[in-house]
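Report on the structure given below.
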Amino acid sequence: MFSVRRTQMIQDSDIIEQFDRDGAAVLRQAVSADWVEKLRAAAEEAFAHPSQFGRSHTPEGAAGGEFRVDRFIWLDHPVFRDFVLEGGLAALAAKVLGSERINFFYDHLFVKEPGSVEATPWHNDLPYWPIRGSQICSFWLALDQVSERSGGLRYVRGSHKWNTLFQPVAASDKDRHEWEGSTFQPLPDIDGNPDAYELLSWDLEPGDILIHHGLTVHGAFGNSTVDRRRRGLATRWTGDDVIYDPRPGTMGLPVDPGLVAGQPLDSALFPRMIGPAPVAG
């Protein structure tokens, strides 16, 4: 059975301190090579049979490789489901967030083919999501070697402490409609003021995990390499203080979670992984 490596070591490392201070950290070789291979194969199956959220962010007729995404894959693909439900990532999230309760939010698959020019624009995640709270993190698992040149993530250090939700930015015209109605403030011009921000990035090997907070501002270049794909699987996790917040301008869900605003994320769509069983009623 799958298990995340070194989960005990996180207690003795500076990962939690770095996550709290910087809003992003890296956990090396957290996932076994066997599971990386299984997830690579499952990713190919998922893109061959996409969900309702599967799409390309590459304009038709554009030169270069394709940038493709999909989400909520665990609902239909057993490999992703096992990885999420039985993999030990919930325990890792509990340690990172310092939370007694952990709910799984959703999974999100990304691939940038060699030569893909589409950048991932600067953004923070929480404005896109129908939730509210501070105990929120993502684990971005590298399925290939990743560098800044091949589309590695870049983070604005400490930006989670700005406590600011920024206007969602569509990765392409194909999903622009999802964010209509959001009224948060625009992002600062990070690329135009490089001396004003400290950026963090890491080269990754398959099995490494990037950990970032739901408010940490991040983005990525396109994949300018000619011989390397950039595949990443992000899983999103929430803790004690997170509640459902279905405000306008947030992403679509595959099914109605059966929640009302202000409730904890306890549902079949957002299963509670750690903590006492939710009280019925």
Side-chain angles (χ1 to χ4, degrees), residues 1-19 24-49 68-97 99 102-114 137-148 150-153 155 200-213 220 223 225 227-239 271-274:
M1 182 176 292
F2 168 83
S3 62
V4 173
R5 295 175 174 179
R6 302 184 181 180
T7 53
Q8 188 61 42
M9 289 181 62
I10 199 170
Q11 297 278 22
D12 304 318
S13 73
D14 64 354
I15 298 294
I16 295 174
E17 179 183 352
Q18 185 178 16
F19 172 79
V26 62
L27 187 59
R28 300 291 185 185
Q29 294 303 287
V31 175
S32 72
D34 287 346
W35 264 97
V36 168
E37 287 303 318
K38 290 180 182 179
L39 289 166
R40 283 172 168 170
E44 299 310 301
E45 295 175 6
F47 281 126
H49 305 283
R68 292 176 288 162
V69 300
D70 205 347
R71 64 179 190 255
F72 288 100
I73 309 162
W74 74 282
L75 294 173
D76 296 312
H77 289 267
V79 172
F80 290 98
R81 186 180 307 122
D82 289 347
F83 182 77
V84 166
L85 298 181
E86 301 177 8
L89 291 174
L92 183 61
K95 292 176 180 179
V96 168
L97 295 174
S99 182
I102 292 293
N103 287 75
F104 178 63
F105 186 30
Y106 75 104
D107 56 348
H108 205 163
L109 183 61
F110 304 87
V111 60
K112 290 186 177 182
E113 300 287 357
C137 69
S138 291
F139 298 147
W140 197 98
L141 168 63
L143 300 179
D144 301 289
Q145 283 188 324
V146 178
S147 67
E148 189 171 282
S150 64
L153 293 181
Y155 299 97
L200 302 174
S201 65
W202 293 271
D203 290 346
L204 305 175
E205 294 294 327
D208 292 346
I209 284 179
L210 291 172
I211 305 169
H212 69 258
H213 191 277
N223 182 1
T225 64
D227 59 352
R228 187 193 314 168
R229 304 175 85 190
R230 184 275 237 175
R231 288 171 290 184
L233 175 66
T235 54
R236 325 291 195 171
W237 305 86
T238 67
R272 185 180 293 198
M273 305 288 291
I274 292 177

Between D203 and D208, the two heavy atoms sitting closest are O-OD2, 4.5 Å

Nearest heavy-atom approach of L85 to P271 is CD2-CG, 4.3 Å

Heavy-atom nearest pair, S138 first then R236, reads OG-NH1, 2.9 Å

Here the gap from L97 atom CG to I16 atom CD1, rounded to the nearest 0.5 Å, amounts to 9.5 Å

Inset, instruction - Report yes if the side chains of R228 and V146 come closer than 4.5 Å at any heavy-atom pair, otherwise no. - result: no

ring-ring contact (aromatic ring centres under 6.0 Å, His included) filter on F104, not counting sequence neighbours, yields W74, W237

Notebook entry, point to check: When you measure from the side chain of S99 to the backbone N and O of I102, does any donor-acceptor pair fall under 3.5 Å?
Noted result: no

Mind checking whether K112 and R229 have side chains closer than 4.5 Å, heavy atoms only? no

Minimal heavy-atom distance between V111 and R231, with the atoms involved, is CG2-CG, 3.4 Å

Note: F80 and D107 closest approach over all heavy atoms is CB-OD2, 4.0 Å

Quiz item: Cut-off 3.5 Å, side chains only: do T225 and N223 have a donor facing an acceptor?
Solution: yes

In this structure, CG of L204 is separated from CG of L27 (nearest 0.5 Å) by 11.0 Å

Output for pair (W140 CH2, L233 CG), nearest 0.5 Å, gives 9.5 Å

d(D144 CG, R40 CZ) to nearest 0.5 Å is 5.0 Å

Subject >> Side-chain touch W35/D82, heavy atoms, less than 4.5 angstrom >> reply: yes

Review point. Are any of the side-chain heavy atoms of W202 and Y155 separated by less than 4.5 Å?
Key: yes

Rounded to the nearest 0.5 Å, the CG atom of D70 sits from the NE2 atom of H77 at a distance of 7.5 Å

H213 meets the side-chain hydrogen bond (donor to acceptor under 3.5 Å, both in side chains) criterion, sequence neighbours left out, with none

Interatomic distance, CG@L141 vs CZ@F83, rounded to 0.5 Å, equals 5.0 Å

- Residue pair Q18 / V26, side-chain heavy-atom distance below 4.5 Å: no

Once you measure the plane-to-plane angle for H108 and Y106, does it fall in the parallel (<30°), tilted (30-60°) or perpendicular (>60°) bin?
tilted

**Request:** Side-chain contact test, heavy atoms from C-beta onward, threshold under 4.5 Å: evaluate it for R28 versus E205 and give yes or no.
**Result:** no

Note, V84 side chain near L89 side chain (heavy atom, < 4.5 Å)
no

Minimal heavy-atom distance between S201 and E148, with the atoms involved, is OG-OE1, 3.6 Å

